[in-house]
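See structure below.
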Amino acid sequence: MAENVRVRFAPSPTGEPHIGNIRTALFNWLFARRHGGEFVVRVEDTDQERLVPGALEAVLESLDWLKIDWDEGPRVDGPHAPYVQSQRLDIYKDLARKLVDKGVAYPCYCTRERLDEMRKEQQRTRQGSGYDRRCLHLSDQERRDLEAEGAPSVIRFAMPTSGVTEVEDLIRGHVEWRNELLDDFVILKSDGFPTYHLGVVTDDHLMEISHVLRAEEWLPSTPRHLQLYQALDFEPPKFGHLPIIMGPDRAKLSKRHGATALLDYREEGYLPEALLNFMVLLGWALDDKTEVMSTDTIISEFSLEGVTKSSAIFDREKLTWMNGVYIRDLSAEELADRLLPFLGRDLPPGLLPVDRDYLVNIAPLIQERIKLLSDAAGMTQYFFEDLPVYDPNMLVQRGMDAASTHPALQAALEHLKESPSFGHEHLEQTLREVGQELGLGPRQFFGSLRVAVTGRTATPPLFETMEVLGRDRVLRRLSRACEVINQLI
RNA sequence: GGCGCGUUCGUCUAGAGGCCCAGGACACCGCCCUCUCAAGGCGGAGAUCGCGGGUUCGAAUCCCGCACGCGCUACCA
């Protein structure tokens, strides 16, 4: 497989790209990079009615975010430009005409109404569906009349009515179809645009694509494509049909599954490298235990033999776990930089802007406590607030009351004022001693201090937190806590 | 309805005749660690390998049938 691998990702800009779409792009890209081949992006915008403005940008942005780069396609062009099908209309028309001349395709003037009727009738009588070839049998005279009337027409491909079409699928093995069961599909629409079938075959050939790796939903159309290749005298590429990704309801992933648009994951605080790692695991495994892998490792280990045949259900929980693993692997600086935009978005405006150096100190404290970058704001807010807000009763720990809490906080305050160092180790040593002198258990004493200093009952380790907050903030919060608890007595 | 593909713990998967009365991971439960929360460590529960027939000394792995699921069945991709 070493010679000339050329694969492509052919999105149609009809909506937000979701996990399933991009996963297909990912597999193609991995295959190309693994074999030192080329990865082409081609825009299949042949359905003028379903075009969604901005959809292509979203596709490219998704790829950018995941660092999936392409060698030819939009923005970079290449030897087979243009890479946008709507700019290649003449090519398809020309080929369609050639097929008509050759007698393997023909114009069809059937109206949508008639086609609908035909389908209804087929359903009623429970026949197999498909075009009934009415226009294949038109006489020259009838055809001329229709043309003279200006009747709109499409071009249909005349499928062979006998024999079988077979493919050795790279993932599924041998598959074959009886030609008589396949109908005469449209290759050129009445608006002059090709259908998907003509479009892919033409461009995959012209762009010298060696391997077509696409989702399994395309498997049923493969015999049509193969017949087209044959009629056109093109050598077909190799085919591999990837398993489909499904939602929790076991239906093909689509918009109605909620947050499936790939870029939504960026907004929610997933790291692109984690998402990529997770996506490749939907339908591919390296071995019986390795799951967390760098992109480089994935590239060097990726192979079609490792691709699963059955469809996979997208499990968000595992993705989230994996995101946590990747977050924990970041350096403090990296984490802070990734966190910055999220804090800027999620923190109350009054607390902004966030000081990066301060954040670099905070980051390690929440690193093993967040699973999403978007968890950070809620978990760090008290670092930025002037004074934390909380219910005074929270200061009172089990087995204590307000009267015994006050002297404890007071003692801590006094000692911290004098403390020669504000390093966490020194703080811990000092405060443990203070707690003992007060006859309080660490749970009680530290619990109360935690609330006083952060306003929370669950936070990163107390002394590290104090160190990062700094003496000023800690002292102010403690004295405020003393006032507050005093009012409860 | 027709055609095609698929079927191993809830989920992602390992497994290509004996290593498997099935391994790993997420989630779940328990214990440990511990100033809280996490993270981490250890352990547990969880799959009669869709069902039924074969083939074989031996089958999750090969063959046949069935069931179920999914996909396709558009002048959508």
Side-chain angles (χ1 to χ4, degrees), chain A residues 10-15 44-47 49-50 108 110-112 115-116 119 122-131 152-156 169 171-172 175-178 181-183 185-191 193-197 199-200 215-223 241 243-244 246 248 250-252 278 281-292 305-306 308-322 324-325 328 365-371 379 428 431-432 435 441-451 454 456-463:
Chain A
S12 76
T14 54
E44 310 218 323
D45 56 345
T46 54
D47 186 346
E49 284 170 28
R50 292 202 311 151
C108 169
C110 292
T111 62
R112 290 178 198 258
L115 260 15
D116 285 345
R119 263 179 228 117
Q122 285 170 342
Q123 268 190 352
R124 211 170 8 240
T125 56
R126 305 207 148 172
Q127 298 174 58
S129 58
Y131 180 60
S153 64
V154 301
I155 305 292
R156 306 188 93 105
D169 190 275
I171 292 163
R172 266 143 239 288
V175 185
E176 58 177 48
W177 297 264
R178 288 166 61 193
L181 265 14
L182 300 167
D183 74 343
F185 57 99
V186 174
I187 57 176
L188 199 70
K189 304 187 246 187
S190 55
D191 64 0
F193 279 71
T195 59
Y196 171 79
H197 306 298
V200 257
E216 195 197 341
E217 63 203 272
W218 295 110
L219 187 54
S221 61
T222 303
H241 291 273
I244 291 176
M246 301 192 292
R250 296 177 180 280
K252 190 167 85 169
F278 181 73
L281 257 18
L282 290 176
W284 178 79
L286 171 58
D287 54 29
D288 58 343
K289 39 189 60 109
T290 315
E291 301 211 279
V292 179
E305 283 93 77
T308 319
K309 290 183 176 65
S310 52
S311 44
I313 294 174
F314 180 72
D315 177 24
R316 223 197 152 80
E317 276 189 299
K318 188 160 182 175
L319 198 213
T320 304
W321 161 78
M322 187 169 279
V325 173
R328 274 170 250 138
L365 298 184
I366 61 165
Q367 187 154 27
E368 59 192 31
R369 293 173 175 76
I370 58 173
K371 289 202 162 70
M379 209 171 279
E428 173 160 11
L431 290 172
R432 274 193 192 282
R443 273 181 121 87
Q444 296 175 306
F445 189 40
F446 299 158
S448 194
L449 286 178
R450 163 170 288 110
V451 173
T454 67
R456 311 283 180 88
T457 53
T459 73
L462 220 211
F463 311 108

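Residue numbers begin at 1 in each chain, while the letters A, B, ... track the order of the sequences.
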Span that lies between the C1' atom of B/C33 and that of B/C26, in whole angstrom: 23 Å
May I ask which nucleotide in the shown strands pairs with B/A67, Watson-Crick or G-U wobble, both distances under 3.5 Å? B/U7
Span that lies between the C1' atom of B/A14 and that of B/G23, in whole angstrom: 6 Å
Over all strands shown, is A/Gly441 touching base, sugar-phosphate only, or nothing at heavy-atom distances under 4.0 angstrom? nothing
If you look at every strand shown and take non-hydrogen atoms under 4.0 Å, does A/Arg328 touch a base, only sugar-phosphate, or nothing? sugar-phosphate
Checking all strands, does A/Thr290 fall into the base, sugar-phosphate, or nothing category for heavy-atom contacts under 4.0 angstrom? nothing
I'd like the C1' distance from B/G15 over to B/C49, given in whole Å. 10 Å
What do you reckon, are the aromatic ring centroids of A/Phe314 and A/Phe278 less than 6.0 Å apart? yes
Given B/C75, is OP1 or OP2 found less than 4.0 Å from the side-chain N or O atoms of A/Arg156? yes
Who pairs with A/Asp116 by salt bridge (charged side-chain N to carboxylate O under 4.0 Å, His left out), at least two apart in sequence or on another chain? A/Arg119
Check ion pair A/Glu216-A/Lys309 (N to O, under 4.0 angstrom): no
Phosphate OP1/OP2 of B/U11: any A/Arg316 side-chain N/O under 4.0 Å: no
Using a distance-only criterion (donor-acceptor N/O pair, under 3.5 Å, no hydrogens), is the base of B/C70 paired with the side chain of A/Arg250? no
Can you find a donor-acceptor N/O pair under 3.5 angstrom joining the side chain of A/Arg369 to the base of B/C37? yes
If I pick the P atom on B/C32 and the same atom on B/C70, what distance separates them, to the nearest angstrom? 46 Å
Is any side-chain N or O of A/Thr195 closer than 4.0 Å to OP1 or OP2 of B/A74? no
If B/A16 has a Watson-Crick or G-U wobble mate with both distances under 3.5 Å, name it; if not, just say none. none
Using the closest heavy atom to pick a nucleotide of RNA chain B for each, name whichever of A/Arg450 or A/Pro220 lands nearer the 5' end. A/Arg450
Does B/G1 have a Watson-Crick or wobble partner in any strand here, with both distances under 3.5 angstrom, and which is it? B/U73
From NE2 of A/His241 across to P of B/C70 the rounded distance in Å is 21 Å
Taking only the C1' atom of each, what is the distance from B/C68 to B/U8 in whole angstrom? 16 Å
Starting from P on B/G2, measure out to CG on A/Leu219 and report it in whole angstrom. 19 Å
For B/C35, take OP1 and OP2 only and decide whether either is under 4.0 Å from a side-chain N or O of A/Arg432. yes
Taking only N and O in the side chain of A/Arg119, is any of them less than 4.0 Å away from OP1 or OP2 of B/C75? yes
With heavy atoms under 4.0 Å as the rule, sort A/Phe463 into base, sugar-phosphate or nothing. base
Just how far, in rounded Å, is C1' of B/A14 from CG of A/Leu281? 12 Å
Assuming nearest nucleotide by heavy-atom distance, tell me which of A/Trp321 and A/Val175 is located more 5' along RNA chain B. A/Val175
Taking 4.0 Å as the cut-off, does a side-chain nitrogen or oxygen of A/Lys189 come that near to OP1 or OP2 on B/A74? no
OP1 or OP2 of B/U36 versus the side-chain N and O atoms of A/Arg443: is any pair under 4.0 Å? yes
Taking a pair to mean Watson-Crick or G-U wobble geometry with both distances below 3.5 Å, B/A39 pairs with none
Rounded to whole angstrom, note down the C1' distance from B/C63 over to B/A25. 34 Å
With rounding to the closest Å, how many angstrom separate the C1' atoms on B/G71 and B/C20? 33 Å
I'd like to know if A/Glu317 and A/Lys371 make a salt bridge, using a cut-off of under 4.0 Å between side-chain N and carboxylate O. no
Which part of the nucleic acid, if any, lies within reach of A/Trp218 when heavy atoms closer than 4.0 Å are counted: base, sugar-phosphate only, or nothing? base
Taking atom P in both B/G54 and B/U73, what distance in whole Å separates the two? 41 Å
Check the pair A/Phe193, A/Asp47 against side chain to side chain contact (heavy atoms under 4.5 Å, CB included), reporting the backbone distance first and the verdict last. CA-CA 8 Å; A/Phe193 279 71; A/Asp47 186 346; over 6 Å; no
Less than 4.5 Å apart, side chain to side chain, heavy atoms only: is that true for A/Val154 and A/Leu188? no
Once you apply a heavy-atom cut-off of 4.0 Å, does A/Ser12 come out as touching a base, just sugar-phosphate, or nothing? sugar-phosphate
Spell out, as yes or no, whether a donor-acceptor pair under 3.5 Å connects the side chain of A/Thr195 to the backbone of A/Val186. yes
Quiz item: A/Ser311 side-chain donor-acceptor pair to B/C70 base, under 3.5 Å: no
Applying a 3.5 Å limit to both distances, which nucleotide forms a Watson-Crick or G-U wobble pair with B/A59? none
